[in-house]
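What you see below is based on every heavy atom in this structure, not just the backbone, and it leaves out hydrogens, waters and symmetry mates.
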Amino acid sequence: MRKFLVVLDDSRECLNAMRFAAMRAAHTGGGVQVLAVIPPDEFNHWVGVAEIMRAEARESIEVHFEVYAKWMRDRQHVEPELVIREGDPIKEIFAQVQEDTEIGVLVLGASGDGKGPGPLVTQLTRMSGTLPIPYTIVPGEMSKERLEAIT
């Protein structure tokens with residue numbers, strides 16, 4: 001089964017990336033894998049404090065994921081898979097794509113605030129020839145109706 005890999009973060013444009021991935025998966029018989037990356041610099045504290053912070057970050061990710069997962073299950077009839085990794089987001093995206101050969105497309109949301117598409121999209125665009133799969137960039141300002149029409 002071909003999977004759409006989408007990155008979960010706190011950005012506003014993440015919503016449209018999730019929607020697009022779920023709708024494409026539903027229409028093509030694919031799956032959705034949601035990747036959340038915890039940056040390593042969040043845990044530069046004492047070991048005990050770092051473990052508590054790591055657990056809190058994972059819990060927050062799982063709660064955030066469940067909101068999207070419920071919508072995907074209820075509206076698109078897609079059961080998403082959550083993967084949580086720690087490290088540099090770009091390196092972890094590449095690692096996930098290398099490790100899971102069913103991933104066929106990376107879906108990213110682009111910011112529409114006029115300040116650029118966002119750091120992840122900017123970095124991955126510069127490296128686009130090295131990513132072994134195609135990726136789709138979904139405008140964060142695209143309406144739900146337009147997303148439904150193109151998927």
Side-chain angles (χ1 to χ4, degrees), residues 2-26 30-45 49-76 78-100 102-144 146-148 150-151:
R2 177 179 68 159
K3 295 179 188 175
F4 292 86
L5 177 65
V6 62
V7 178
L8 174 66
D9 59 23
D10 291 331
S11 69
R12 187 168 170 246
E13 55 272 11
C14 178
L15 172 62
N16 270 359
M18 292 286 175
R19 284 179 176 157
F20 181 88
M23 287 189 267
R24 287 296 302 145
V32 175
Q33 187 175 88
V34 177
L35 174 64
V37 180
I38 302 170
D41 56 325
E42 288 189 18
F43 307 117
N44 290 334
H45 303 283
V49 174
E51 288 304 317
I52 292 169
M53 290 178 70
R54 184 174 282 113
E56 289 174 351
R58 286 181 174 275
E59 183 179 324
S60 175
I61 287 167
E62 289 168 359
V63 167
H64 197 174
F65 166 77
E66 193 50 44
V67 171
Y68 291 118
K70 181 175 179 0
W71 177 83
M72 288 183 198
R73 282 187 220 99
D74 293 350
R75 299 287 179 113
Q76 301 302 320
V78 171
E79 184 63 45
E81 168 189 2
L82 175 63
V83 175
I84 301 174
R85 298 181 73 113
E86 292 183 29
D88 173 70
I90 300 296
K91 289 179 182 175
E92 296 306 323
I93 290 169
F94 273 80
Q96 189 62 29
V97 168
Q98 293 294 330
E99 290 172 19
D100 190 338
E102 291 185 330
I103 296 172
V105 178
L106 172 63
V107 180
L108 300 169
S111 175
D113 65 6
K115 297 178 186 174
L120 199 57
V121 173
T122 300
Q123 288 178 14
L124 284 169
T125 300
R126 289 185 190 132
M127 303 171 73
S128 62
T130 60
L131 193 64
I133 59 171
Y135 60 96
T136 300
I137 300 173
V138 182
E141 301 300 316
M142 186 176 279
S143 71
K144 184 173 65 171
R146 181 75 178 126
L147 276 171
E148 289 172 353
I150 64 171
T151 58

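Every residue meeting the side-chain hydrogen bond (donor to acceptor under 3.5 Å, both in side chains) condition with Lys70, not counting sequence neighbours, appears here in chain and number order: Asp74. In this structure, Asp10 has no salt bridge (Lys or Arg N to Asp or Glu O under 4.0 Å) partners at least two apart in sequence or on a different chain. Residues forming a salt bridge (Lys or Arg N to Asp or Glu O under 4.0 Å) with Glu66 (at least two apart in sequence, or on another chain): Arg73. The side-chain contact (heavy atoms from CB on, under 4.5 Å) check on Pro139 picks up Met142, with sequence neighbours excluded. When the side-chain contact (heavy atoms from CB on, under 4.5 Å) test is applied to Glu56, the partners found at least two apart in sequence or on another chain are Ile52. In this view, Arg75 and Trp71 satisfy the side-chain contact (heavy atoms from CB on, under 4.5 Å) rule, not counting sequence neighbours. Under the side-chain contact (heavy atoms from CB on, under 4.5 Å) criterion, Ser111 pairs with Glu13, Asp113, not counting sequence neighbours.
Here Arg19 contributes atom CZ and Ser143 contributes atom OG; the two are 9.0 Å apart, rounded to the nearest 0.5 Å. Put simply, CG on Leu108 and CD on Gln123 are 11.0 Å apart, with the number rounded to the nearest 0.5 Å. With rounding to the nearest 0.5 Å, the separation of CZ in Arg146 from CG in Asn16 is 12.0 Å. To the nearest 0.5 Å, the span separating CG on Leu35 from CD1 on Ile103 amounts to 8.0 Å. Annotation: the span from Arg2 atom CZ to Glu102 atom CD amounts to 12.0 Å, rounded to 0.5 Å.
Annotation for Glu99: atom CD counts as buried by contact number, over 12 foreign heavy atoms lying within 6.0 Å.
Residue Ala22 comes nearest to Val78 through the heavy atom pair O-CG2, 3.8 Å, listed as atom of the first residue, atom of the second, then distance. Closest of all the heavy-atom pairs between Val32 and Ala21 is CG2-O, 3.6 Å. Across Thr122 and Gly118, no two heavy atoms sit closer than the pair OG1-O, 2.8 Å. The shortest heavy-atom contact between Gly104 and Pro134 is O-CD, 3.3 Å.
Residues Val34 and Tyr68 form no side-chain contact, since every pair of their non-hydrogen atoms from C-beta on lies 4.5 Å or further apart. With contacts defined as side-chain heavy-atom distances shorter than 4.5 Å, the pair Phe20/Val6 does not qualify. Residues Ile61 and Leu82 have side chains in contact (heavy-atom distance under 4.5 Å, counting atoms from C-beta outward). With contacts defined as side-chain heavy-atom distances shorter than 4.5 Å, the pair Ile137/Tyr135 qualifies. The closest side-chain heavy-atom distance from Leu124 to Leu106 is below 4.5 Å. Residues Ile84 and Glu62 form a side-chain contact, since some pair of their non-hydrogen atoms from C-beta on lies under 4.5 Å apart.
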Ignoring hydrogens and angles, write down the donor-acceptor pairs under 3.5 Å from the side chains of residues 87-97, residues two or more places apart or on other chains.
unit_1	atom_1	unit_2	atom_2	d
Asp88	OD2	Ile90	N	3.3
Asp88	OD2	Lys91	N	3.0
Glu92	OE1	Arg85	NE	2.6
Glu92	OE1	Arg85	NH2	3.2
Gln96	OE1	Arg85	NH1	2.7
Gln96	NE2	Gln33	OE1	3.0

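For the side chain to side chain contact (heavy atoms under 4.5 Å, CB included) criterion with Phe4, the lone passing option out of Met18, Met23, Arg24 is Arg24.
Legend: salt bridge (charged side-chain N to carboxylate O under 4.0 Å, His left out) pairs involving residues 132-141, not counting sequence neighbours, sorted by first then second residue: Arg12-Glu141.
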